[in-house]
Amino acid sequence: MITFCLSCARRTKSALLLASLLAISGAFAAPTDDVYSLGPDSLPHEGVPRGKVIGPLTLASQVFTNTTRHYWIYVPAQYDPKKPAALMIFQDGQAFVSLTGEYRIPNVFDNLIYRREMPVTIGVFINPGHLPNQQESSPTNWGDSINNRGLEYNELNDNYARLIVNELLPILAKDYNLSPNPDDRAMAGASSGAICAFTVAWQRPDQFHKVISTIGSFTDIRGGHVYPDLIRQSERKPIRIFLQDGLNDNRGRGRNGSDYNPKRDWHAQNLKMADALTAKGYEVNYCWGIGTHSNKQGGAIMPDMLRWLWRDYPRPDDPKDDRNRKLFVPEG
């Protein structure tokens, strides 16, 4: 239903007609994010072995003093404790582990591992930390205004990398056989979680070689806009990265729409990241959609991003041996 405010009564007849036409066209035009929908790879399917999600668990930190954060662990049905598994860590864990959100990673992992389109991978979904008087991140508030998210995710130092490597990984290693090979380890995140994921790999390429970034905040929140120049000036690191963003992401305009700050233009900064990584010879892939600062496109294409990221994991192809061409069902 189309409605107008009472003040419109003083408008001319032509102005009312124009307003009516604009309102009608807006009512039937889909938002640019809504053109992206989850596909079958993100949904559960009968006959596909389902992994187990454990959590929420709680991780305390000495790096970020007096903070705790929730995390969840996904264990694929095909996991064999006798064989080292790959590892992938998602920042803003609550958003990626959810089976009703935009990413639904447990479903995606179930389907891709079953079809041998990615390796057997332990997934870890970790939230930003919070002080005792602050709140845990949630689907309605990812944490920038209620906890430690901005500090942990947007700074370019090695603090968060130390939390992951020195505090989280030893806990995981107690219960799971994880591959020590950085080629078998990936970081991922959205928005500030994306620049955070890249920073961990940038700071610790001895631990993580793979990154997925959706709507990455490579902007001047806490100095992240320098990454394109830093990449060009530094020796190339063994990082493989997939970048996703939308042309209608935050474009660095002030509230009145007139002021423009290129350092706060999310899409321009993602373009600069792709250019710098390409020029420096990194393994980089990217996809620019029409969306806003939304997770819709990132969720829709996540299965393909994962296929690309893990495209060369060891999988012998012997025409006389079809064991690696069968669906990946649990043994026993």
>> Has Thr140 got a side-chain atom pairing as donor or acceptor with Ser138's backbone, closer than 3.5 angstrom?
In response: no

> Does Arg149 come within less than 4.0 Å of Asp144, counting only side-chain N to carboxylate O?
Replying inline: yes

> From Leu327 CG over to Gln78 CD, what is the distance, rounded to the nearest 0.5 angstrom?
Replying inline: 10.0 Å

> So, Asp41 and Arg307, do they make that salt bridge, N to O below 4.0 Å?
Replying inline: yes

> Phe328 and Tyr114: aromatic ring centres closer than 6.0 Å?
Replying inline: no

>> Is there a path of hydrophobic side-chain contacts, each under 4.5 Å between heavy atoms of I/L/V/M/F/W/Y residues, joining Tyr36 to Tyr103?
In response: no

>> Using 0.5 Å steps for rounding, measure from the SG atom of Cys287 to the CD1 atom of Ile301.
In response: 4.0 Å

> Going by the angle between their ring planes, with limits at 30° and 60°, are Tyr227 and Phe218 parallel, tilted or perpendicular?
Replying inline: perpendicular

>> Which heavy atom of Ile113 sits nearest to which heavy atom of Pro119, and what is that distance?
In response: CG1-O, 3.4 Å

> Looking at Gln91, Gln94, Glu136, Glu152, which one forms a side-chain hydrogen bond (donor to acceptor under 3.5 Å, both in side chains) with Asn127?
Replying inline: Glu136

> Does the ring center of Phe125 lie less than 6.0 Å from the ring center of Phe90?
Replying inline: yes

>> Does Leu163 form a side chain to side chain contact (heavy atoms under 4.5 Å, CB included) with Arg69? I'd like the steps, not just the answer.
In response: CA-CA 11 Å; Leu163 178 147; Arg69 72 268 305 127; 3.6 Å; yes

>> Using every non-hydrogen atom in the two residues, find where Leu178 and Ala86 come nearest and quote the distance to one decimal.
In response: CD2-O, 4.5 Å

> Are Arg264 and Asp259 close enough for a salt bridge, meaning some N to O gap below 4.0 Å?
Replying inline: no

>> With a 4.5 Å cut-off on side-chain heavy-atom distances among I, L, V, M, F, W and Y, is there a chain of contacts connecting Ile73 to Leu112?
In response: yes

>> Strictly distance-based, threshold 3.5 Å: is any side-chain N or O of Arg251 a donor or acceptor partner for the main-chain N or O of Asn248?
In response: no

> Are the side chain of Ser179 and the backbone of Asn181 linked by a donor-acceptor contact shorter than 3.5 Å?
Replying inline: yes

> If only atom types and distance count, is the side chain of Glu167 paired as donor or acceptor with the main-chain N or O of Val63 below 3.5 Å?
Replying inline: yes

> Any donor and acceptor pair, going by atom type alone, linking the side chain of Asn324 with main-chain N or O of Asp317 inside 3.5 Å?
Replying inline: no

> What orientation do Tyr286 and Trp288 show, parallel under 30°, tilted 30 to 60°, or perpendicular over 60°?
Replying inline: parallel

> So, does Asn107 use its side chain to make a donor-acceptor pair with the main chain of Ser42 at under 3.5 Å?
Replying inline: yes

>> Filter on ring pair (Phe, Tyr, Trp, His ring centres under 6.0 Å), then keep only pairs touching residues 233-258, sequence neighbours left out; what's left?
In response: Phe242-Trp308

>> With a 3.5 Å distance limit and no angle check, can you tell me whether Asn147 reaches the backbone of Gln135 through a side-chain donor-acceptor pair?
In response: yes

> Which atom pair, heavy atoms only, marks the closest approach of Ser98 to Gly101?
Replying inline: OG-N, 3.2 Å

> Any ion pair linking Arg185 and Asp206 (charged N to carboxylate O, less than 4.0 Å)?
Replying inline: no

>> Can a side-chain donor-acceptor contact be found between Thr67 and His130 if the only test is distance below 3.5 angstrom?
In response: no

> Quick one: do the His267 and Asp245 side chains pair a donor with an acceptor below 3.5 Å?
Replying inline: yes

> With a 4.0 Å cut-off, would you call Arg311 and Glu283 a salt bridge?
Replying inline: yes

> In Å, rounded to the nearest 0.5 Å, how long is the span from CD of Gln207 to CG of Leu169?
Replying inline: 6.0 Å

> For residues Asp33 and Thr292, is any side-chain donor paired with an opposing acceptor at under 3.5 Å?
Replying inline: yes

> So, the side chain of Ser234 versus the backbone of Ile231: is there a donor-acceptor pair under 3.5 Å, distance only?
Replying inline: no

>> For Pro49 versus Ala77, what's the shortest heavy-atom pair and its separation?
In response: CB-CB, 3.6 Å

> Any salt bridge between Asp322 and Arg325, counting N to O under 4.0 Å?
Replying inline: no

> Mind checking whether Tyr313 and Leu309 sit in one hydrophobic cluster, side chains of I, L, V, M, F, W, Y counted as touching below 4.5 Å?
Replying inline: no

> Would you call the rings of Tyr74 and Phe109 parallel, tilted or perpendicular, where under 30° means parallel and over 60° means perpendicular?
Replying inline: perpendicular

>> Quick check against the 3.5 Å criterion: does Ser137 have a side-chain atom that pairs as donor or acceptor with the backbone of Trp142?
In response: yes

> Under 3.5 Å, is there a donor-acceptor pair linking the side chains of Thr58 and Thr68?
Replying inline: no

>> Determine whether Asp92 and Tyr153 satisfy the following criterion, side chain to side chain contact (heavy atoms under 4.5 Å, CB included), listing intermediate values before the conclusion.
In response: CA-CA 10 Å; Asp92 293 307; Tyr153 284 7; 3.5 Å; yes

>> salt bridge (Lys or Arg N to Asp or Glu O under 4.0 Å) for Asp321 and Arg323? Distances and angles first, verdict last.
In response: CA-CA 6 Å; Asp321 185 349; Arg323 284 178 296 178; 2.6 Å; yes

> Where is the tightest heavy-atom contact between Arg104 and Leu38, given as atom of each residue plus distance?
Replying inline: NE-CD1, 3.4 Å

>> Would you compute the distance between atom CG of Asn157 and atom OG1 of Thr199 and round it to the nearest 0.5 angstrom?
In response: 8.5 Å

> Who else is in the cluster with Tyr260 when I, L, V, M, F, W and Y are joined by side-chain contacts under 4.5 Å?
Replying inline: none

>> Quick check: is Tyr282 connected to Phe208 through a chain of hydrophobic side chains (ILVMFWY, heavy atoms under 4.5 Å apart)?
In response: no

> Does the pair Lys83 and Val120 meet the rule for a side chain to side chain contact (heavy atoms under 4.5 Å, CB included), with working shown?
Replying inline: CA-CA 10 Å; Lys83 301 176 182 178; Val120 174; over 6 Å; no

> Backbone N or O of Leu156 within a donor-acceptor pair of the Gln203 side chain at under 3.5 Å?
Replying inline: yes

> So does Lys263 have more than 12 non-hydrogen atoms from other groups sitting under 6.0 Å from NZ?
Replying inline: no

>> I'd like to know if Lys280 pairs up with Glu235 as an ion pair, taking the criterion as any Lys NZ or Arg NE/NH1/NH2 lying under 4.0 Å from an Asp or Glu carboxylate oxygen.
In response: no

>> I'd like to know whether Cys196 forms a side chain to side chain contact (heavy atoms under 4.5 Å, CB included) with Asn154, so could you lay out the CA-CA distance, the side-chain angles of the two residues, the decisive distance to 0.1 Å, and finally the verdict.
In response: CA-CA 6 Å; Cys196 175; Asn154 291 108; over 6 Å; no

> Applying the side-chain hydrogen bond (donor to acceptor under 3.5 Å, both in side chains) test to Arg240, which of Asp312, Asp183, Asn285 qualifies?
Replying inline: Asp312

>> Testing the basics here: between Gly298 and Met305, what is the closest heavy-atom pair and its distance to 0.1 Å?
In response: O-CE, 3.5 Å

> Is Ile122 reachable from Leu99 through a run of hydrophobic residues whose side-chain heavy atoms are each under 4.5 Å from the next?
Replying inline: no

> If you measure from NE2 on His45 to CZ on Arg50, what distance do you get to the nearest 0.5 Å?
Replying inline: 10.5 Å

> Under a 4.0 Å N-O cut-off, is there an ion pair linking Asp80 with Lys82?
Replying inline: no

> Out of curiosity, Asn148 CG to Tyr160 OH, how far, rounded to the nearest 0.5 Å?
Replying inline: 11.0 Å

